[in-house]
Each structure stands twice: as structure tokens, then as C-alpha cells.
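Predicted model, so just to flag it, every value in this text is computed and none were measured. Just so it is clear: chains get the letters A, B, ... in the order the sequence lines come, proteins before strands, and each one is counted from 1.
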2 protein chains.
Amino acid sequence: MTHPLFHPDAEEISLPAIFTALGDETRLNIIAILARNGERAMTCGQFTQLGSKTALSYHVAKLREAGVINVRPDGTKRFLTLRRADLDNRFPGFLDSVIASASTMPLPESQPPADPAETRGETEWT
Amino acid sequence: MTHPLFHPDAEEISLPAIFTALGDETRLNIIAILARNGERAMTCGQFTQLGSKTALSYHVAKLREAGVINVRPDGTKRFLTLRRADLDNRFPGFLDSVIASASTMPLPESQPPADPAETRGETEWT
DNA sequence: TCCTTTGTTCAATGATCCTTGAACTATTGA
DNA sequence: TCAATAGTTCAAGGATCATTGAACAAAGGA
């Protein structure tokens, strides 16, 4: 990456932008899977059930630009995490209720078990 | 109205549809104003600050079709209410967190004081 | 009855969205 | 150095979206 990936500052995250980002089934599923995975980071490659490589890249960018997730490049991979702290700080209770509601939705298919190498050392990332 | 207005059943309300409906500033403002007004119903005419007559009709229909609001025709008016019970039942805590978050957003302009005749007897409507 | 109020419908327009495949970049491992 | 991996970018496509003005419909009041 010549440019670092753009992430909005916490105080710039807007509610309509979040809703727009979550108003798509693929993206809502990404969030649901991320939440289900605890604090561990995940790579785009773990979401192939949800769409093509290109589509995922597109949707992940939307979530990032809306401020919902953080994307940290590492080698050829991108580690995705929910921006829990920022969202909780800005809209307390909102993310939890979204996750709780989203977890009642069926996922397209269960994900393959995570490769331990892919989540190593990711829990302390902010 | 030759047809009664379509409203999705409570169990048909989908999360992506709600997000899509709320992912527009005009519609989010409608919700914020409705919430701020307590349980009282409001008419489209009370939202003219948010857009043209035609635009409001469009956005109100979107919110209704997504299951976020109830629209009850009465004479030449339409009384709008949040579908609090249905949403709370289906996605507990979600609406409250949306309202709490949305209430931190500035509204385009303060609404004129409600005409008492317009809210008479509306609090028990479900 | 006629006029006003309130909101809907329609067609048109431009914008934005989502998906696709092909081509590309960057990094890693052999 | 060469090939594989992981993901991005681009252009094109069709679909949906939001806004506008003009015409319309339904109800209520004078």
C-alpha cells in the first residue's frame, strides 16, 4: 500500500454511514461473524462463503470507510477487527444491540475452522 | 385509500431492511423526531423541515415498508408512530440504542409546536 | 357545491450501489 | 528467481435510489 488505509476518526463516525454500511446482507454477515469470533482478528479469506474475492474487498472497504471495522495490513493479508471501543464510546450500547440482533439471523454457511496462524497475537490489537 | 397501507408483520421485519431504511439522513431524522415526541402520533405535515411533500411521502413509505413505523390514515392525514412494541419484541434494546444514538445528531431545524388537535387520542394507538 | 388541506402517484433525471471478470500489486516461501 | 497467495483496482453492467414538478385523489369546512 502506497497510502495507509483510510479509517475515519472515532468522532467522525456518523450514524447514517453506519446504517448504510450495515444495510447490506453481506456486510451484516461480516459483522456477525466478526462478533461471533470474539476479539480475534480475521482475514478477508475467512469470508469466502459470503461472496467473491472482489465483492468482499468492496464490502470490507465500505465497512472500513464507515468506521465499523479496522483493517490492518500484514503481509499479503488484511486483519479485520470490529472497532468496538470507538463505537461503544460514540454510541453506547448500539454495537451490542446490533450484534445481538444480527446473531438471530442465519448465516449463509458455517465457516471453516480458523487457522491458528491467522489469529496469532491479534487479541491486543486496537 | 382503495388498498389498506401495507405493513410487514412483526416477524417479517428484517434487520438489513431496517438498516437500509435508517441509512438515510431524512429518514433517520423522522425517527429521531418521532422518538422525541414520545408516544404521540405525528403527521407528515410536521416534517416539512426535512424535505418536500413528495420526498416525505417517499421516505415515510420506505420506513413503513421496512416495518419501522406505522401509518394510520385518518381523514386527509396520516398518523405516524414508531412500531416500538414490535421492534422491541423482535430486536430487544435495538430501537432504544438507535434512538439514543440518533438523539445525539443535530436536527435540521426545530419543528413548530404541535397542534393539539393533531395528537388528540393518539397515545393508545398500536 | 366549491375550495382548501393533506398526501399520493407518475415519469424523468442523475446518482449511487452491487456484482463480475480481467488485470494488477505486493508479499511470502521454495 | 519463480511461483503461489491475498487482496486491490478498473471498467462495464444492470439495479436501485432520491429528488423534482405536475397531475391527481380524498376528505373536510365554508
Side-chain angles (χ1 to χ4, degrees), chain A residues 1-7 16-30 41-66 69-80 108 111-112 114-115 117-120 122, chain B residues 1-7 16-30 41-66 69-80 108 111-112 114-115 117-120 122:
Chain A
M1 274 300 175
T2 61
H3 318 284
L5 291 174
F6 167 78
H7 290 81
I18 293 178
F19 283 127
T20 299
L22 299 183
D24 175 276
E25 227 164 30
T26 300
R27 294 194 290 262
L28 198 49
N29 280 329
I30 291 175
M42 299 182 73
T43 66
C44 299
Q46 294 182 270
F47 297 94
T48 49
Q49 45 176 314
L50 301 180
S52 68
K53 215 165 52 154
T54 310
L56 283 177
S57 183
Y58 170 79
H59 289 302
V60 164
K62 288 275 179 186
L63 288 169
R64 172 176 53 78
E65 289 158 7
I69 67 174
N70 190 287
V71 181
R72 182 172 59 90
D74 181 15
T76 65
K77 300 188 179 178
R78 308 281 181 269
F79 285 109
L80 315 185
Q111 353 154 23
D115 175 355
E118 284 174 337
T119 57
R120 177 170 27 82
E122 291 306 319
Chain B
M1 272 301 174
T2 59
H3 318 286
L5 291 173
F6 168 78
H7 290 82
I18 292 178
F19 283 128
T20 299
L22 299 183
D24 174 277
E25 228 164 29
T26 300
R27 293 194 290 262
L28 197 50
N29 281 328
I30 291 175
M42 299 182 71
T43 66
C44 299
Q46 295 181 270
F47 298 93
T48 49
Q49 44 177 313
L50 301 180
S52 69
K53 217 166 49 154
T54 309
L56 284 177
S57 184
Y58 170 78
H59 288 302
V60 163
K62 289 275 179 186
L63 288 168
R64 173 176 52 79
E65 288 159 8
I69 67 175
N70 191 286
V71 182
R72 180 171 60 89
D74 181 14
T76 65
K77 300 186 178 177
R78 307 282 181 270
F79 285 109
L80 316 185
Q111 357 157 18
D115 175 355
E118 285 174 334
T119 57
R120 179 170 23 83
E122 291 306 319

Residue-phosphate contact under 4.0 Å: A/Thr54 side-chain N/O, C/dT19 OP1/OP2 = no

request  = May I have the distance from B/Arg72 (atom CZ) to D/dA26 (atom C1'), rounded to whole angstrom?
outcome  = 17 Å

request  = Could you run through nucleotides 13-18 of chain D and give me one letter per nucleotide, 5' to 3': B if any protein heavy atom sits under 4.0 Å from the base, S if only the sugar-phosphate is that close, - if neither?
outcome  = ----SB

ask   = Separation of A/Asp74 atom CG from C/dA26 atom C1', in whole Å?
value = 13 Å

remark   = note: A/Lys77, atom NZ; C/dT25, atom C1'; distance rounded to Å ~ 18 Å

note = To the nearest 10 degrees, the angle between the two end axes of the helix from C/dT1-D/dA30 to C/dC17-D/dG14 (five pairs per end) comes to 20°

inquiry  = On DNA chain D, compare the nucleotides closest to B/Gly75 and A/Lys53; which residue's is nearer the 5' end?
reply    = A/Lys53

query = Whole Å only: how far is the CG atom of B/Leu50 from the C1' atom of D/dT20?
reply = 17 Å

inquiry  = Without decimals, in angstroms, what is the distance between B/Leu56 CG and D/dG21 P?
reply    = 14 Å

note = Rounded to whole Å, CD of A/Glu25 lies from C1' of C/dT19 at a distance of 15 Å

task = Estimate the overall bend of the helix from C/dT19-D/dA12 to C/dA30-D/dT1 from the end axes over five pairs each, rounded to 10 degrees.
result = 10°

task = Taking side chain to side chain contact (heavy atoms under 4.5 Å, CB included) as the test, write out the residues that go with A/Thr54, two or more places apart.
result = A/Ser52

Could you pull out every donor-acceptor pair under 3.5 Å between side chains of residues 18-29 of chain B and any protein atom, sequence neighbours left out?
from, atom 1, to, atom 2, distance (Å)
B/Thr20, OG1, A/Gly23, O, 3.0
B/Thr20, OG1, B/Pro16, O, 2.9
B/Asp24, OD1, B/Thr26, N, 2.9
B/Asp24, OD1, B/Arg27, N, 3.1
B/Arg27, NE, B/Ala21, O, 2.6
B/Arg27, NH1, B/His59, ND1, 3.0
B/Arg27, NH2, B/Thr20, O, 3.3
B/Asn29, ND2, B/Glu25, O, 3.2

request  = Round to a whole Å and report the spacing from CZ of A/Phe79 to P of C/dT27.
outcome  = 15 Å

message = Taking side chain to side chain contact (heavy atoms under 4.5 Å, CB included) as the definition, give me every residue that meets it alongside B/Phe47, ordered by chain and number, with sequence neighbours left out.
response = B/Ile30, B/Ile33, B/Leu34, B/Met42, B/Leu50, B/Leu56, B/Leu80

